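Here the structure comes first, spelled out in structure tokens, and everything after it is commentary.
It should be emphasised that the depicted structure is a prediction, and the values quoted were computed from it without experimental measurement. Reckoned from all heavy atoms, side chains included, excluding hydrogens, waters and symmetry mates.
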Amino acid sequence: MLVKTQITILLLSLLAVPGSTFSFSRTIKVNESRWIGTTDYPGFKVHVEASLCQEKSKIRSGELSFFADAALSFDVKLPAKLEIGNVRSEGDSLIIEFNSGNVKFQGVRSGGVISGKLIAGSRQHSLRLYALDDHSADLKKYPGIYELNGDTLMVTPREYGGLRMVNLNTGQSRTLIQVRKGHFTSRKALLKHDEPVVEFRFPKKRSKLIGMLQTLGERHHFARCLDGPRQQELIFDAQGIRLKGTLFTPPGKGPYHTILLVHGAGPIYRTALVEAAYRFTEMGYAAFIYDKRGTGASGGERGMDEYEPLAGDAAMIMKQLREHRQVKTVGYQGHSQAGWVIPLAVTKGASPDFVIIANGGSVKDGAQTLFDKRNDFERAGYNSEEAENGMSILKHVHNYVRDTTGDHQLLEVDFLEAQEKPWFDLLGLPRFPQFPSWDNPPKEMIQFAEKLRYDPVKTQAEMKHIPVLVLLGEQDVTVPAVEVAEGWRRSGLSHLTIKVFPDLGHSMKRATESGGHVLAKDFLNAQKIWLGSILKEH
């Protein structure tokens, strides 16, 4: 966003005559620009947003915001912000020093791209940022469902700017950045890669009726706008904060059976759930998605994704959504972390008509993390001895944090020794010069302990008379499907259905011939059939 501000510098000069002053001012035009990008972290990318204040083309101040459930390897806990302290530039070269974390950036700026390394001592993370033009008011026009050569294209806003275009038939997706009004181009095109440029244009007079896709070197292809689901923005009050979301309703007259989608782990914006919401409207159901607390347009702070506040949010939305005139019945659907959050929401008086959980619940947080990290070690190529050493450290940390007892000095020795190992960052643990003690625990340690102590099976038993469908991917390397299924059965629910898909993993998506991934049809059909059977009497 370019926001012109005026900085006035007032200089006072004392003359030889006592009490006399001269004053003059000069005006400097400062532009505030928005940037988006990523920095690397073992196994995944950390999203970065930046706000930079520039005098002409020179960066003067600003801050970088990081979003992820992890920590960079140099004591920067995420989510976090780094405030710019000092900037040095010469030609394209750029060095930025930050006010905290003993971190600096060293790289180059080429037009709308900044790339280089975040450095702290011997540890480094790559960083790449892209400048965003502000056409946010126009973005509301373009999202929708389009048909192109027999394929269905879903265009949605991205949480970090621009649009995301997904082919619902092939699973292929493109990030589209707006370069001028009504004209989008792929990020790869902006970076002048050799891959084909994809452009998405909208005629000025019929912005929502027809779109045009253009591929470099080929003729223009026109995409027809379809009658997709209707969308209504809703704001709910939950535990003193405002949560914003979107209600999708299918064609036809309501009220509708409605699915309230609950997030997985991380800083999830509602845009990540649009495809699932669209699939439910295809089945004839309404769907509500919302920005998780502390993300997007919702208020509050994220913290460490503590289950209690997230469950409280889901419960309050459920209660208020029931009062909407377009809602007939309402139930939860959630993935991964939602398997812990949804049962807890039920204990807070949410009273859903049904619950659908995909790859989540039953196992405790610590056990699930150990399963996940062990698989990370295997995928990274570490041998069984190294994996066992890593899991031993993780168990040691979990035991000390969960039980608040144990030999802190011994843990600190083991932990500091582990930080020197090449596999340490795979554990997802922050680096500490001294491991925090229960004598004076930080807030994050207290929150982590609460998550480790949470018993999902005990909470799930509170849903005894609610119809529950649990869907599991046998190839899941994040959540142990066998243990999850056993835990749900131990909960003693009266109306429990468990279905396991032998070839699906954590995302419940299946690869396509074109190299993309789409939500598996049998996964979608299982939900459609089950919902039809339990809602036929409503």
Side-chain angles (χ1 to χ4, degrees), residues 49 65 67 69 79 136 139-140 143 156-157 159 229-249 254-274 276-277 280-281 285-357 443 447 450-451 454 459 462-463 466:
E49 292 183 8
S65 299
F67 302 88
D69 279 333
S136 55
L139 292 179
K140 294 181 180 179
T156 63
E159 54 266 40
R230 298 184 296 270
Q231 301 181 34
Q232 180 184 358
E233 297 295 300
L234 299 178
I235 300 175
F236 293 124
D237 292 322
Q239 308 176 97
I241 66 172
R242 305 179 79 193
L243 300 174
K244 297 186 178 182
T246 306
L247 179 65
F248 290 76
T249 54
Y256 307 95
H257 299 300
T258 304
I259 289 88
L260 169 52
L261 282 83
V262 179
H263 321 85
I268 308 296
Y269 292 64
R270 77 186 94 168
T271 49
L273 303 176
V274 168
F280 279 118
T281 62
Y285 301 107
F288 181 74
I289 58 177
Y290 60 102
D291 292 329
K292 203 174 194 176
R293 62 162 50 214
T295 64
S298 290
E301 297 182 0
R302 283 199 57 243
M304 291 183 63
D305 266 6
E306 308 97 300
Y307 305 143
E308 280 285 345
L310 294 177
D313 292 346
M316 291 301 294
I317 292 177
M318 169 72 69
K319 293 173 185 177
Q320 295 172 68
L321 196 59
R322 282 192 179 281
E323 299 175 2
H324 195 282
R325 60 184 179 82
Q326 291 285 69
V327 173
K328 185 177 182 181
T329 62
V330 60
Y332 288 120
Q333 195 266 12
H335 172 258
S336 193
Q337 186 190 78
W340 289 318
V341 172
I342 289 175
L344 200 55
V346 173
T347 68
K348 298 181 182 297
S351 302
D353 294 296
F354 55 87
V355 169
I356 301 174
I357 302 290
K443 179 180 70 174
Q447 294 171 343
E450 291 173 351
K451 293 174 73 172
Y454 175 56
T459 308
E462 299 294 319
M463 301 194 298
I466 298 172

Give me the atom names and distance for the closest heavy-atom approach of T249 to A286. CG2-CB, 4.1 Å

Mind checking whether Q447 and E308 have side chains closer than 4.5 Å, heavy atoms only? no

Heavy-atom distance under 4.5 Å between the side chains of Y454 and T459, does that happen here? yes

With the side chain counted from C-beta on, respond yes when T295 and I268 share a heavy-atom pair under 4.5 Å apart, and no when they do not. no

Backbone N or O of G331 within a donor-acceptor pair of the D353 side chain at under 3.5 Å? no

Test item: Y332 side-chain N/O and A314 main-chain N/O as donor-acceptor pair under 3.5 Å: yes

Measure the spacing between CD1 of I317 and CG of L260 and express it to the nearest 0.5 Å. 6.0 Å

Rounded to the nearest 0.5 angstrom, the CD-NE2 distance for Q232 and H324 is 3.5 Å

Report the C-alpha separation of T258 and L247 in whole Å, then their side-chain angles, then the decisive distance to 0.1 Å, and conclude whether the side chain to side chain contact (heavy atoms under 4.5 Å, CB included) test is met. CA-CA 9 Å; T258 304; L247 179 65; 4.2 Å; yes

Which atom names give the shortest non-hydrogen contact between K319 and A350, and what distance separates them? CE-N, 4.3 Å

Is there side-chain contact between L310 and V262, with at least one heavy-atom pair below 4.5 Å? no

Flag the pair Y256 / K328 as yes when at least one side-chain heavy-atom distance between them is below 4.5 Å, and no otherwise. no

Contact check, side chains of L273 and H263, non-hydrogen atoms, under 4.5 Å: yes

Could you check if a side-chain atom of Y290 sits within less than 4.5 angstrom of a side-chain atom of L234, using non-hydrogen atoms only? no

Check step by step if side chain to side chain contact (heavy atoms under 4.5 Å, CB included) holds for Q337 and Y307. CA-CA 9 Å; Q337 186 190 78; Y307 305 143; 4.0 Å; yes

Within the side chain of D291, is there an N or O that forms a donor-acceptor pair under 3.5 Å with the backbone of R270? yes

Reported CD1-to-CD1 distance for the pair I259 and I289, which is rounded to 0.5 angstrom: 12.5 Å

Return the orientation label for the F236 and F288 ring planes: parallel under 30°, perpendicular over 60°, tilted otherwise. perpendicular

Is the backbone N or O of A265 less than 3.5 Å from a side-chain atom of D305, with the two atoms forming a donor-acceptor pair by type? no

Looking only at heavy atoms, which two atoms of A345 and A315 are closest? And how far apart? O-CB, 3.7 Å

Check the orientation of Y285 and F280. Use parallel for under 30°, tilted for 30 to 60°, and perpendicular for over 60°. perpendicular

How about CD on E233, more than 12 heavy atoms from neighbouring residues, nucleotides or ligands closer than 6.0 Å, or not? yes

Flag the pair R242 / D237 as yes when at least one side-chain heavy-atom distance between them is below 4.5 Å, and no otherwise. yes

Closest heavy-atom pair, A287 versus L261, reported as atoms and distance to 0.1 Å, is CB-CD1, 3.9 Å

Surrounding CZ of R230 (heavy atoms of other residues, nucleotides or ligands, distance under 6.0 Å), is the total greater than 12? yes

CG-CE distance between D313 and M318, expressed to the nearest 0.5 angstrom: 13.0 Å

Salt bridge or not for E306 and K443, using N-O below 4.0 Å? no

Nearest atoms (heavy-atom pairs only) where Q239 meets R293: NE2-NH2, 3.3 Å

Any donor and acceptor pair, going by atom type alone, linking the side chain of K292 with main-chain N or O of G264 inside 3.5 Å? yes

Donor-acceptor pair, distance only, cut-off 3.5 Å: does the side chain of R322 make one with the backbone of S351? yes

Does any N or O in the side chain of S298 come within less than 3.5 Å of the main-chain N or O of K244, such that one atom is a donor and the other an acceptor? yes

